[in-house]
Amino acid sequence: MKAAGRSVRTRLRDRVAASDPGLLRLTAGLRTVGAIALTLSVLAVFGVDVKHLVAGAIAAMVATFAIREKERGPQAVTLALGLPVALASMSLSTLLASRVVVGDAVFVVLIFCAVFVRRFGDRGTALGLIGFQVYFVSLFVGAKASGLPGLWTAVAVAFASSAVVRFMVVPETPTRILGRLRQAFRARLAQLIATQIELLDAGPDEIDKTLEHLREGTARLHETALMIQSRLEEGTPDESTARLVQRRIADAEIAAERLGLLLLTARSAERADTLTLHLPGAPAPSVGRSPAPGEATEILRRDLGALRTLVLRPPAEARGTALSHLRNRLLGYRDEENLPEATPAVQDVFRGIGETARAVMGLRIALDGPQDESDDTPATARSREELDAEDAAIDAGEEAAPEEEPTGLRRPTTRAAVQVAVGSSLAIVGGEFLSSQRWYWAVLTCWIVFINTASTGEILVKGYRRLLGTMLGVVAGIVLAALVGNHTWTAFGLVLVLIFAMFYTAPLSYTLMSFFVTAMLGLLYTLLHTYSLSVLLLRVEETALGAACGIVAAALVLPIRTDRRTNELLGTVLERLTDVTEAAVDQLSGGSTADLLDTARELDQALGDLRGATQPLTHPITPLRARRDTAQYVVALLETCAYHARSLAATAELLPTHPSIAADPRLRGAVRRTVRNIEAIAAHVADEGAGTEVETGPSIASLLGPDAAGVPRYGRITGRVLRHLERLDEAVVGLARPLGVPVKAPQR
């Protein structure tokens, strides 16, 4: 019974870890709700009125979510600096409340400064956010000069409560967050393998749905890997350990993605296109009922389940002959003589299982320390020796030279500060016409649509989502206000629930977050005895006005059009793709070693930025369907290119320690066409009149010479390297058509 209970708890923990990597959303929600609850409790002891309770609750929320530093020391400093900023902002708002013109002008200046100081990193962003939001709190509660001492007390209690919850009740350290992210990576890796088992058994009618799950699982695993990458420096004791974990995470991610492709190929009549895993809605290849006759399929299903068990088993339960037997059997598939009788495509899947098992063993050693070696078979011992040799070869690498920062109005923070100041000025004027009492809602919306956006299209989409969430939230606010009535503490309890939901859903859906915010405001208005249907409808009007003002300012004042933004980011992605490809192939050709993992992650980050910037083009409401399909196709092709480039980089880093992978100088010349094509596409993106062309020609294998095409599958230049080079070359040529780059026919 105890074992069964532990198993249920383990499965539940893994499911939560996979859905919320690092429990970052859960922690943010609990920390914010805890700070508000503690603030309300302390203020209630002193018998303050509802206005001060509301001011303290909102101040506690701001003081908690504004802090973004990862280390506890910088968090404490920012929180300490935030208190005088908050007190000054509230005093300024209260004292200028009766002087409309001067107060509005000061508010606009404050907004400009709050955005401008984002250039100073997380601390500048936090202090600017605190200054703006507390100014807004004063307007919301209708603060008077005579009530300033009480409001100061409420704000001070809020900041103190936030500190107590942050550092004592819900403490977080980079090491603990990284540990939970590692657990999330394991859980998502196990979920991906479970989906691959579904792919093995899926019939023709189920293949499309299963393939979509496979795409989602692959993307989520990659997302978690990037989150781990961002936390490694602070969460590991030294740079060598950070690089080791980074390497093992990359190995496991690439091996799992490759295994999915091999399974898809085994189910298909021909080799599966890598693009199938990256293009949403891409048609599934035609499949039969099973990838192999009888026994081979059963063995495959059994071993995929065993691989999932290896991934999920906690370190404390990882000892014992049963698990060692599973590990040894899977690692044995790295030797040709241990492969079951099956078609070549299915044997490739067994090889993929062996390589994934090796990556899982390396991941377990990197995360959990040395493992029991008493039951090692020769195949397992050899894999362990390879991992040890790789570990010894890892060094810190060189620090990248800092990039030159733009200056003046070209600096993003300066441009955004000017835009939001102009938009807020328009919102103040328009908001005053709608309501002289609650005009600030328009300003708040204008401010918010500029947060984490960089183009007119992004602001348009964010404004639309906020308006939709607000309209739905008004309905919920009406219902909740009617249910709560005059029950103050019931209303505050529901406010806490809504705030938790707001922070838990914020990274998932901006519309949902706006819904919970508006529903919460309906309850706050009830507490302040200013609730009415007209007030909530006014909020919708002010929200629409604020979004419109933000869009107008973004479109007319120092605009960054979506096309320009995406072209800039596309150029960056192509540049990073060239860097990774050249460095990896140079190392595979016998050149000097380079920091390939960091270069590959820079490519991933650039691609993530591009994916976010294309959201306005791929949003379901866009009327330009052909443009949406083109954007999705280009991003999917780039994800395919990034996958093959990552795989080449990972293989190149194995070169010094794996005798089966030897340098081949011919690769350097064979890949030149691919690099030239990437550069030609980048030149066309930067200047459509550049007159560049993309070249096609014979396969990479044929360019290596007459003996290369006949190289054994796992010989001197591995079939894997050749396949990645071929697919990368094909994907780069495929980019030419949607981007309008002429393709030069091969010369006969």
Side-chain angles (χ1 to χ4, degrees), residues 185-186 189-190 192-194 196-197 200 244 247-263 266 296 298-315 317-342 344 346-393 647 650-651 653-654 657-661 712-715 718-720:
F185 184 84
R186 282 172 166 153
L189 178 57
L192 181 58
I193 295 172
Q196 291 169 351
I197 297 174
L200 179 67
L244 174 61
R247 173 58 192 267
R248 296 302 169 223
I249 290 289
D251 284 348
E253 178 193 352
I254 292 169
E257 190 166 0
R258 184 187 300 122
L259 180 58
L261 283 169
L262 293 173
L263 269 169
E298 291 302 320
I299 296 174
L300 206 52
R301 185 182 298 108
R302 178 200 67 184
D303 288 339
L304 285 170
L307 181 62
R308 183 172 179 272
T309 299
L310 285 181
V311 171
L312 279 178
R313 191 64 58 91
E317 302 176 17
R319 301 184 184 278
T321 56
L323 200 66
S324 299
H325 175 72
L326 293 180
R327 179 198 63 201
N328 294 340
R329 186 178 76 233
L330 300 186
L331 288 171
Y333 292 140
R334 301 185 70 216
D335 294 333
E336 296 290 308
E337 62 269 17
N338 294 328
L339 296 176
E341 291 291 333
V346 173
Q347 286 190 329
D348 274 345
V349 179
F350 282 106
R351 293 187 184 96
I353 289 176
E355 293 301 321
T356 307
R358 176 192 180 279
V360 169
M361 184 170 75
L363 184 65
R364 186 176 288 278
I365 293 172
L367 300 184
D368 305 324
Q371 309 291 300
D372 183 11
E373 304 178 21
S374 58
D375 296 315
D376 281 3
T377 61
T380 302
R382 186 171 63 255
S383 296
R384 200 183 297 277
E385 289 169 1
E386 293 172 356
L387 292 170
D388 291 341
E390 291 171 23
D391 295 349
S647 299
T651 306
E653 289 220 336
L654 297 176
T657 57
H658 283 247
S660 61
I661 305 176
R713 181 182 300 273
Y714 287 88
T718 65
R720 182 189 307 169

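For clarity, every value in this text was computed on a predicted model and none was experimentally measured.
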Could you tell me which non-hydrogen atom of [X] sits nearest to which non-hydrogen atom of [Y], and how far apart they are?
X	Y	answer
Ser383	Arg334	OG-NH1, 2.8 Å
Arg186	Leu312	O-CD2, 4.4 Å
Asp251	Ala650	OD1-CB, 4.3 Å
Leu339	Phe350	CD2-CB, 3.8 Å
Val311	Ile193	CG2-CD1, 3.8 Å
Ala357	Leu331	C-CD2, 3.8 Å

So, taking the atom named [atom1] in [X] and the one named [atom2] in [Y], what distance separates them when rounded to the nearest 0.5 Å?
X	Y	atom1	atom2	value
Ile299	Glu341	CD1	CD	10.0 Å
Arg247	Leu363	CZ	CG	12.5 Å
Ser647	Glu253	OG	CD	9.0 Å
Leu200	Arg301	CG	CZ	5.5 Å
Leu263	Asp348	CG	CG	11.0 Å
Arg302	Leu330	CZ	CG	8.5 Å

Is any side-chain heavy atom of Leu326 closer than 4.5 Å to one of Arg329?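 A side-chain contact under 4.5 Å exists here.
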May I ask you to test the Leu300-Ile353 pair for a side-chain heavy-atom distance under 4.5 Å?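 Yes; the side chains approach each other to less than 4.5 Å.
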Can you name the residues that form a side-chain contact (heavy atoms from CB on, under 4.5 Å) with Asp335, not counting sequence neighbours? Glu337, Asn338, Ala379, Arg382
Suppose we screen for side-chain contact (heavy atoms from CB on, under 4.5 Å). Which residues come up paired with Ala194, at least two apart in sequence or across chains?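 Scan of Ala194 (side-chain contact (heavy atoms from CB on, under 4.5 Å), adjacent residues dropped) gives Arg308.
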What verdict does the side chain to side chain contact (heavy atoms under 4.5 Å, CB included) test give for Arg384 and Ile365, after you've listed the backbone C-alpha separation in whole Å, the side-chain angles of each residue and the deciding distance to 0.1 Å? CA-CA 10 Å; Arg384 200 183 297 277; Ile365 293 172; 3.8 Å; yes
Mind running side chain to side chain donor-acceptor pair (under 3.5 Å) on Thr377 and Thr380 for me, showing each step along the way? CA-CA 5 Å; Thr377 61; Thr380 302; 3.1 Å; yes
